[in-house]
Amino acid sequence: MEAWDWTLVGKIAWVIFILIWGGIRWRPNVRARRNPIKTSHRSMKERVLLAISFAGLGLLPGIWVFSGFPDRYDHSAHPAVVIFGAILLVLCLVLFRLTHKALGVMWSNTLELRKGHKLITTSVYKRVRHPMYSAFWLWAVAQPFVLANWIAGFSGIVGFGLLYFLRVGDEEKVMEKEFGEEYEIYKQQTKRIIPGIY
Ligand code: SAH
């Protein structure tokens, strides 16, 4: 058998992943825009964090995938490593789809509450408060496995890590303010990202 170019396989896996991810997010995004917002916390901090996260998970890896820049940080790709990364990406997509299904119109890409916002505590929200962030962590962690470049690989962990750690506390405060005791109880029954652990 001809030797495969595993760097290329990894790049193709990442591009397919991005396309499917976009397909999952498309409709919730359209619907969310139609749904009136009650309280918005779209601050400057939020905007900057979203931009940094986008750079790490999408822009820098995209530039490397399509142009090869910065190629001086390329490293070799091993089949098992790339396959492991691709499996993580598949898990990410499955979880991502489930979180959108569960949140429905309550979803927003920033800290906003809709008119008639309800606290979702079912499906993937039963044991974890931030399963969509769990899905993003899977993406960020998968990226260095599928992309054989130090910058394009690790930019996601840095970019999404900043968004996550600087946002999750604010998000919980907003939810606490809105849902009070209901959220307090929910907090006691759940973890943030990993069921039973963290
Ligand atoms: N942190 C969550 C959701 C991210 S989307 C997760 O990782 O799965 C952010 C939006 O979801 C915010 O507008 C917030 O109001 C809303 N949200 C977060 N958790 C929610 C829940 N359990 N029920 C309803 N809406 C929620």
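Both ligands and their constituent atoms are indexed starting at 1 by order of listing. All residue numbers refer to positions in the sequence shown, counting from 1.
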Pick out the protein N or O atoms lying less than 3.5 Å from any N or O of ligand 1, and list each pair with its distance.
{"unit_1": "ligand 1", "atom_1": "1 (N)", "unit_2": "His130", "atom_2": "ND1", "d": "2.8"}
{"unit_1": "ligand 1", "atom_1": "1 (N)", "unit_2": "Glu171", "atom_2": "OE2", "d": "2.6"}
{"unit_1": "ligand 1", "atom_1": "7 (O)", "unit_2": "His130", "atom_2": "O", "d": "3.3"}
{"unit_1": "ligand 1", "atom_1": "7 (O)", "unit_2": "Met132", "atom_2": "N", "d": "3.2"}
{"unit_1": "ligand 1", "atom_1": "7 (O)", "unit_2": "Tyr133", "atom_2": "N", "d": "3.0"}
{"unit_1": "ligand 1", "atom_1": "8 (O)", "unit_2": "Tyr125", "atom_2": "OH", "d": "2.6"}
{"unit_1": "ligand 1", "atom_1": "8 (O)", "unit_2": "Pro131", "atom_2": "N", "d": "3.4"}
{"unit_1": "ligand 1", "atom_1": "8 (O)", "unit_2": "Met132", "atom_2": "N", "d": "2.9"}
{"unit_1": "ligand 1", "atom_1": "13 (O)", "unit_2": "Thr110", "atom_2": "O", "d": "3.1"}
{"unit_1": "ligand 1", "atom_1": "13 (O)", "unit_2": "Glu112", "atom_2": "N", "d": "3.2"}
{"unit_1": "ligand 1", "atom_1": "13 (O)", "unit_2": "Glu112", "atom_2": "O", "d": "2.5"}
{"unit_1": "ligand 1", "atom_1": "15 (O)", "unit_2": "Glu112", "atom_2": "O", "d": "3.1"}
{"unit_1": "ligand 1", "atom_1": "22 (N)", "unit_2": "Ile120", "atom_2": "O", "d": "2.9"}
{"unit_1": "ligand 1", "atom_1": "23 (N)", "unit_2": "Ile120", "atom_2": "N", "d": "2.8"}
{"unit_1": "ligand 1", "atom_1": "25 (N)", "unit_2": "His117", "atom_2": "NE2", "d": "2.9"}

Note to self: Under the criterion side-chain contact (heavy atoms from CB on, under 4.5 Å), I'd like the reasoning laid out for His41 against Asp170: C-alpha separation, chi angles, the key distance, then a yes or no.
What the structure shows: CA-CA 9 Å; His41 300 261; Asp170 291 350; over 6 Å; no
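Ring centroid separation for the pair Trp6 and His78 does not come in under the 6.0 Å cut-off. Checked against the 6.0 Å centroid threshold, Tyr164 and Trp137 count as a close aromatic pair.
Between Tyr133 and the options Thr99, Ile193, Val128, a side-chain contact (heavy atoms from CB on, under 4.5 Å) holds for only Ile193. Just one of Arg167, His130, Lys177 meets the side-chain hydrogen bond (donor to acceptor under 3.5 Å, both in side chains) condition when paired with Glu172; it is His130.
For Arg42, the salt bridge (Lys or Arg N to Asp or Glu O under 4.0 Å) partners are Glu112, not counting sequence neighbours.
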